[in-house]
Amino acid sequence: MDTRQALDTRAIGLMLVLCLIWSGQQIVLKATAHDAAPMMQIGLRSGIAAILVWLWMRWRGEHIQWGDGSWRPGLWVGTLFALEFVLVGEGLRHTSAAHMVVLLYTAPIWAALGLHIKLPQERLAPLQWLGIALAFAGIAVAFLWRNGATGASQGSNMGAMLWGDLLALLAGMAWGATTVAIRTTRLSALPAAQTLLYQLVVGCVVLVAVAIGSGQGRINPTPAFWASMAFNALPMAFASLLTWFWLLRTYLASQLGVLTFLTPIFGVILGAWLLHEPIEPGFVIGALIALAGVMLVSGYGWIAGRR
C-alpha cells in the first residue's frame, strides 16, 4: 500500500525553494565563468558535495555496499552524470543560461522513451505520446525560429548559440539516460545517498580532468568564485538533492513532478533579470510548447488522477 501523501503547504513551499535553487545553478555558473570555467566549477562542486554526502552517510550509519556488484552500474551512472555536465559546462560557453535550463529540462522526455523500451510497467499512454509529440514540436520551434538581431546584441553569432543549445539538448538526453540506468539496474534498490555518491565521485574526477585537459582549468579565486562554489556545493548539489529524495519518499511523485516545471520558468526569468539575457519570442513559444509536452509525459499520473 502506497502511504505517500498528497502535497501540502510544506511540500509546496519546499518545492518552490528547490526550483529556485535548481534554476539558479546555470545563472551562477554563467555569471562567474570569467573566474573559472563552468565545467571546472561543476567538477569541484561535485567533489565537495561527494565529501558531504559521505559524511551524511556515516552520520546515519549507512555503509557503501560493494559485494552486490552495484559498483559496476554505479560507474556507468557516474559516467553519464559526468557526460551531462561536460555538455552543460561546454554549452554555457556558447548559449544563455535561460536556454540551458529549458533544454536541459527535456530530460523527462528522453527518460520516458528509454523506460518505455526497457520496462513493461513504464509503457507510455496515448496522452503521453501526445506530450512527446508536443515536446519535439516545441524543440523544433525553439531551434528554427531565431532572431538574428538578438544574437548579435549578445555579442555572439547565431551559429555559436545554436551549438550551445544543441549541447544543452544532448545534456538533457544524458540526464534522461541516467534516470533509465538507475531504474533498470541494481541501483534502484540502493539508498539514494549511495547512488548520488557514485555520480558525484565519478563526475568530479572526469569533469576536473576534462576541464584541465581542454585548457579550462584556470581559477581566479575571487569572492564571486567562492560564493559560486558555496552555492553549488551546499544548497545545490547536497541539500537540495537530499531534500528532493526525502520529498519523493514522503509525497506523491507525480504531483512533485508537475511542480518541477517551475524550474525552467524561473531560469528564464532569472536569466533576464540578473544576466540581462534577451527573451526571444521564438524561443519562449517553443519552450512553452516543449514544457507543456514534458508536463503531459511526467505529470500523466496526476492528470489521470484528476480525470
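When reading the values below, keep in mind they use all heavy atoms of this one structure, side chains included, and skip hydrogens, waters and symmetry mates.
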Quick check on the hydrophobic clustering: are L115 and W129 connected, directly or via other members, by side-chain heavy-atom contacts under 4.5 Å?
no
If you take all heavy atoms of F85 and Q25, which pair is closest and at what distance?
CE2-OE1, 3.5 Å
Considering all heavy atoms of both residues, which atom of Q26 and which atom of V101 are nearest to each other, and what is their separation?
CG-CB, 3.9 Å
Test H63 against Q194 for side chain to side chain contact (heavy atoms under 4.5 Å, CB included), laying out the working first.
CA-CA 8 Å; H63 301 283; Q194 183 169 339; over 6 Å; no
Side chains of K30 and R93 in contact at under 4.5 Å (non-hydrogen atoms)
no
Check for a donor-acceptor pair, side chain of E277 on one end and backbone N or O of A98 on the other, with a separation under 3.5 Å.
yes
Before we go on, tell me: are the rings of W110 and F136 under 6.0 Å apart, centre to centre?
yes
Is there a path of hydrophobic side-chain contacts, each under 4.5 Å between heavy atoms, that joins L170 and V294?
yes
Just so I know, are the side chains of H34 and N220 near enough to count as touching, which here means a heavy-atom distance under 4.5 Å?
no
Hey, does the side chain of T250 reach the backbone of L247 with a donor-acceptor pair shorter than 3.5 angstrom?
no
Would you find more than 12 non-hydrogen atoms of other residues, nucleotides or ligands less than 6.0 Å from R123 atom CZ?
yes
Looking only at heavy atoms, what is the nearest atom pair of G293 and I109, with distance?
O-CD1, 4.3 Å
CD (Q216) and CD (E90) are apart, to the nearest 0.5 Å, by 5.5 Å
Donor-acceptor under 3.5 Å (Q128 side chain, V297 main chain)
yes
dist S240:OG -> F245:CZ (nearest 0.5 Å) comes out at 9.0 Å
Can you tell me if K118 uses its side chain to pair, donor with acceptor, with the backbone of R183 under 3.5 Å?
no
Step by step, would you call S228 with Q41 a side chain to side chain donor-acceptor pair (under 3.5 Å)?
CA-CA 8 Å; S228 174; Q41 291 194 55; 2.5 Å; yes
Parallel, tilted or perpendicular: which describes the rings of W175 and Y105, with under 30° parallel and over 60° perpendicular?
perpendicular
How about W59 and W54: are their ring centroids closer than 6.0 Å?
no
Does one hydrophobic cluster hold both V86 and L80, with members joined at side-chain heavy-atom distances below 4.5 Å?
no
Any side-chain heavy atom of N232 sitting closer than 4.5 Å to one from L29?
yes
Heavy-atom side-chain proximity of I48 to F238 below 4.5 angstrom:
no
Closest contact, heavy atoms only, V77 versus A181:
CG2-CB, 3.7 Å
In a check of side-chain contact (heavy atoms from CB on, under 4.5 Å) between P38 and each of L92, T32, V28, which one passes?
L92
Side chain T184, main chain V180, donor-acceptor under 3.5 Å:
yes
Would you give the length of the straight line joining atom CG of L166 to atom CE of M161, rounded to the nearest 0.5 angstrom?
13.5 Å
Looking at CE of M15 and CD1 of I12, how far apart are the two atoms once the value is rounded to the nearest 0.5 Å?
10.0 Å
Compare all side-chain heavy atoms of L291 with those of T106 and state whether any distance is below 4.5 angstrom.
no
Out of curiosity, L234 CG to I21 CD1, how far, rounded to the nearest 0.5 Å?
10.5 Å
For atom CH2 of W246, is the number of surrounding heavy atoms from other residues, nucleotides or ligands below 6.0 Å larger than 12?
yes
Under the criterion ring pair (Phe, Tyr, Trp, His ring centres under 6.0 Å), I'd like the reasoning laid out for W71 against W76: C-alpha separation, chi angles, the key distance, then a yes or no.
CA-CA 9 Å; W71 62 271; W76 171 235; over 10 Å; no
Begin with the C-alpha distance, continue with both residues' side-chain angles, and end with the deciding distance and a verdict on side chain to side chain contact (heavy atoms under 4.5 Å, CB included) for I219 and L44.
CA-CA 11 Å; I219 295 175; L44 293 175; 3.7 Å; yes
Can you confirm if the NZ or CZ of R45 lies within 45° of the ring axis of F231 and under 6.0 Å from the centre of its six-membered ring?
no
Are any of the side-chain heavy atoms of Y198 and P73 separated by less than 4.5 Å?
no
Nearest heavy-atom contact between A82 and L207 is O-CD2, 3.7 Å
Common cluster, V205/V53, ILVMFWY with side-chain heavy-atom separation under 4.5 Å:
no
Backbone N or O of L124 within a donor-acceptor pair of the H116 side chain at under 3.5 Å?
yes
Applying the 4.5 Å side-chain criterion to the ILVMFWY set and letting contacts propagate, would L119 and I182 be lumped into a single cluster?
no
Evaluate F225 against M229 for side chain to side chain contact (heavy atoms under 4.5 Å, CB included), listing each step before the verdict.
CA-CA 6 Å; F225 166 78; M229 281 291 95; 3.7 Å; yes
For F81 and L200: C-alpha separation, side-chain torsions, deciding distance, then whether side chain to side chain contact (heavy atoms under 4.5 Å, CB included) applies.
CA-CA 8 Å; F81 176 85; L200 292 172; 4.2 Å; yes
Residue pair R60 / E62: nearest heavy atoms and the distance that separates them
NE-OE2, 3.1 Å
Do T79 and V206 come close enough that some side-chain heavy atom pair is under 4.5 Å?
no
Polar side-chain atom of S70 near backbone of L187 as donor-acceptor pair, under 3.5 Å
no
Should I64 and L197 count as side-chain neighbours, where that means a heavy-atom distance under 4.5 Å?
yes
If you round to the nearest 0.5 Å, how far is OG1 of T95 from CG of L162?
8.5 Å
Would a distance-only check, ignoring hydrogens and angles, find a side-chain to backbone donor-acceptor pair under 3.5 Å from S298 to M295?
no
